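Data block below; observations after.
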Amino acid sequence: MSLKLYNTLTNQKEEFNPIEKNKVRMYVCGPTVYDKCHIGHARCYIAFDVIRRYLEYCGHDVTFVENFTDVDDKLIRKSNETGEDPFEIAERNIGDYFRDMDALNVKRADMYPRATQHIPDMIAFIERLLEKGDAYVADGDVYFSVEKVADYGRLSGVNVEQMKAGARIAVDEKKRDPLDFALWKKAKEGEPKWESPWGEGRPGWHIECSAMSLKHLGETLDIHGGGQDLIFPHHENEMAQSEACSGKQFVRYWLHNGFVTIREEKMSKSLGNIVSVEDLLQEYSPETLRYFLVASYYRKPIDFDEDALEEAKKAVARLLNTVDLVKEARQGDFTGESLSTDHYRQQFQEAMNDDFNTPAALAVLFELARDVNRRIEEKNVDKESLENVLNTFMELGGDVLGLFFEVKHEEFSEELLEILISVREQVRKKNLWDISDTIRDRLREIGIALEDTPEGTRWKFVRD
RNA sequence: GCCGGGGUCGCCUAGAGGCUAUGGCCGCGGACUGCAGAUCCGCUCACGUGAGUUCAAGUCUCACCCCCGGCUCCA
């Protein structure tokens, strides 16, 4: 059973073999921090979070690097609009990014290099390209010469000749060829700038990923990921300049996640339909959001709407309830037949090995949930099995998919709650239903759900 | 125009040649229950259209009809 993943470079599923056995070098294009994170960012970073987690589950030692683009046109524009310093804008959005991603249980990368902290690396990279004759200086700008790359377009499948013929390329007097792209941009008035051999200026967009991945992960990466929109021009250009520089293959497996649409429309500033993670977390639990995003195959588009989130909320609750039931059951005196989780684990792995097929993997968890619920209901399962089932849920649904995780609750007295529950028990014995229901309703309002069972009343924290 | 991805139950979502097509949500019936919740059991004639290949086709081929994305702002 081997892991296969869909490689954008070859347009097919390939068996995954890292350069070094059990060692994975992985780079994901992080956000340009000019604004808050939206649902599309969440989709991307959760997708690659799951990929990273699964690789780790398979025993790989993953080095995961994700960058922050903290200097670029959009940041500068934003700064000009608001008057706020661009670096402050970046800093604030980076803080928000961590807050949102932490809330969504996205594991932290091993490194978060920032463009502005790698200016010398980028300059050195550009100098090397100039030495090799793959780039040229033009009036303070430096451009990469696309014609030096024989197979330019091989990642994205763009047709070079056709693009040249088309009118979609902005004409720029300084460029020798319209497809050439900027490595270094000459400083303009009021923009952030750094000293360079070509005068003051700032780096182009693509160079940062090439320079930073080279520095932190080496010349060849095992996995490079990002949103589908980055395939062209960003990744095509990264690949062109990195391979020109090193003479080696830049990335073995290119992975790209699909987009999120909002009620069947593209999410965009002009449509004003951007849904921020911050806002979503006001309405929905991290588990719900995460489930929603993981319930589709990462390469397919997802359409966002409230109904879909409501569905996700109920679906994930089923799994969460089962985990609670198993936790509770293993405390009781259960005996009976054993329930092996081997089959489910194997099915889960089979699904994940098929290019991280999380919907199929979830289906396996639901099957396990149904089967263990039935056994608990029948009181026909031994404690060891329950323990095993719980571990299976925590590893597959928790460690790999990131759906189950502990959250901190405000300090409160469990003892007081127990007293309240026992008082309620007494009034229930006297059929004083209005009082007992009031207690239950009021507790529910503050996030504590009571459930009456033949074995007594149990309570749990709930999040919507 | 060029390139790419799709159309599977009421809705969402897997499956890519072969036993009764995955899982979820909703709906209906039942068990349990003071109610609620949770859980369990059962039910509900889903593969865009038309040809072809094959003993066998959601699954391969061709044609057609629709949908979506990219083509230097984008995760």
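Convention: sequence-line order gives letters A, B, ...; per-chain numbering from 1. Just the heavy atoms: all of them, side chains too, but no hydrogens, waters or symmetry mates, feed the values below. As the structure is a prediction and not an experimental result, all values here were calculated from the model.
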Item to complete: Return the nearest nucleotide to the side chain of A:Lys74; candidates are B:G34, B:C26, B:C74.
Response: B:C74

Discussion item. Using a distance-only criterion (donor-acceptor N/O pair, under 3.5 Å, no hydrogens), is the base of B:G70 paired with the side chain of A:Gln228?
Written reply: no

Worksheet item: What is the pairing partner of B:U49, taking Watson-Crick or G-U wobble pairs with both distances under 3.5 Å in any strand?
Response: B:A63

Worksheet item: Out of B:G5, B:A75, B:A14, which nucleotide sits closest to the side chain of A:Tyr6?
Response: B:G5

Discussion item. Taking any heavy-atom pair under 4.0 Å as a contact, classify A:Gly40: base, sugar-phosphate, or nothing.
Written reply: base

Worksheet entry | Side-chain donor/acceptor of A:Asp73 to base of B:C73, under 3.5 Å | no

Worksheet entry | Residue A:Arg458, side-chain atoms from C-beta onward, closest of B:G37, B:C25, B:A75 | B:G37

Item to complete: May I ask you to say whether A:Lys185 pairs ionically with A:Glu191, meaning some side-chain N is under 4.0 Å from a carboxylate O?
Response: no

Discussion item. Is it the case that B:G37 (base atoms only) and A:Asn321 (side chain only) share a donor and an acceptor within less than 3.5 Å, ignoring hydrogens and angles?
Written reply: no

Discussion item. Would you measure the distance from the C1' atom in B:C47 across to the matching atom in B:C9 and give it in whole Å?
Written reply: 10 Å

Fill in: A:Leu401: which of A:Ile46, A:Leu362, A:Leu396 passes side chain to side chain contact (heavy atoms under 4.5 Å, CB included)
A:Leu362

Worksheet item: Within the modelled atom types, does a donor on one side and an acceptor on the other bring the side chain of A:Arg428 and the base of B:G34 under 3.5 Å apart?
Response: yes

Fill in: Side-chain N or O of A:Arg299 closer than 4.0 Å to phosphate OP1/OP2 of B:G5
no

Worksheet entry | A:Arg176 to A:Tyr143, cation-pi by 6.0 Å centre distance and 45° axis angle | no

Worksheet item: Can you tell me the Watson-Crick or wobble partner of B:G18, both distances under 3.5 angstrom?
Response: B:C55

Worksheet entry | Identified pairing partner of B:C2, criterion: Watson-Crick or G-U wobble below 3.5 Å | B:G70

Fill in: Residue A:Arg374, side-chain heavy atoms: nucleotide from B:G15, B:C40, B:C41 that is nearest
B:C41

Worksheet item: When you measure from the side chain of A:Arg318, which nucleotide among B:U22, B:G24, B:C35 comes out closest?
Response: B:G24

Discussion item. Given B:G37, B:C74, B:G34, identify the nucleotide with an atom nearest to the side chain of A:Asp229.
Written reply: B:C74

Worksheet item: Between A:Glu377 and A:Arg374, does at least one N-O distance fall below 4.0 Å, as a salt bridge requires?
Response: no

Worksheet item: If you check every side-chain atom of A:Leu325, which of B:G24, B:U39, B:G15 has the closest atom?
Response: B:U39

Practice prompt. Look at the side-chain N and O atoms of A:Lys300 and state whether any lies under 4.0 Å from the OP1 or OP2 oxygen of B:C68.
Written response: no

Worksheet item: Is A:Thr261 touching bases, backbone alone, or none of the nucleic acid, heavy atoms closer than 4.0 Å?
Response: nothing

Worksheet item: Is the NZ or CZ atom of A:Arg299 positioned over A:Tyr6's six-membered ring, under 6.0 angstrom from the centre and within 45° of the axis?
Response: yes

Practice prompt. Classify the nucleic acid contact of A:His38 as base, sugar-phosphate or nothing, counting any heavy atom under 4.0 Å across all strands shown.
Written response: base

Discussion item. Please pick, from B:G37, B:U72, B:G34, the nucleotide with the shortest atom-to-atom distance to any side-chain atom of A:Pro233.
Written reply: B:U72

Worksheet item: Less than 5.5 Å between centroids and less than 30° between ring planes, does A:Phe259 satisfy that with B:A75?
Response: yes

Discussion item. My understanding is that a pair needs two contacts under 3.5 Å, Watson-Crick or G-U wobble. By that rule, which nucleotide pairs with B:U39?
Written reply: B:A31

Worksheet, complete the sentence: Quick note, A:Glu451 side chain, CB onward, closest among B:C40, B:G34, B:G37 is B:G37

Discussion item. If you go through the side-chain atoms of A:Arg440, does one of them form a donor-acceptor pair with the base of B:C35 closer than 3.5 Å?
Written reply: yes

Worksheet item: Taking the side chain of A:Glu311 as its heavy atoms from C-beta onward, which of B:A14, B:A75, B:C25 lies nearest to it?
Response: B:C25

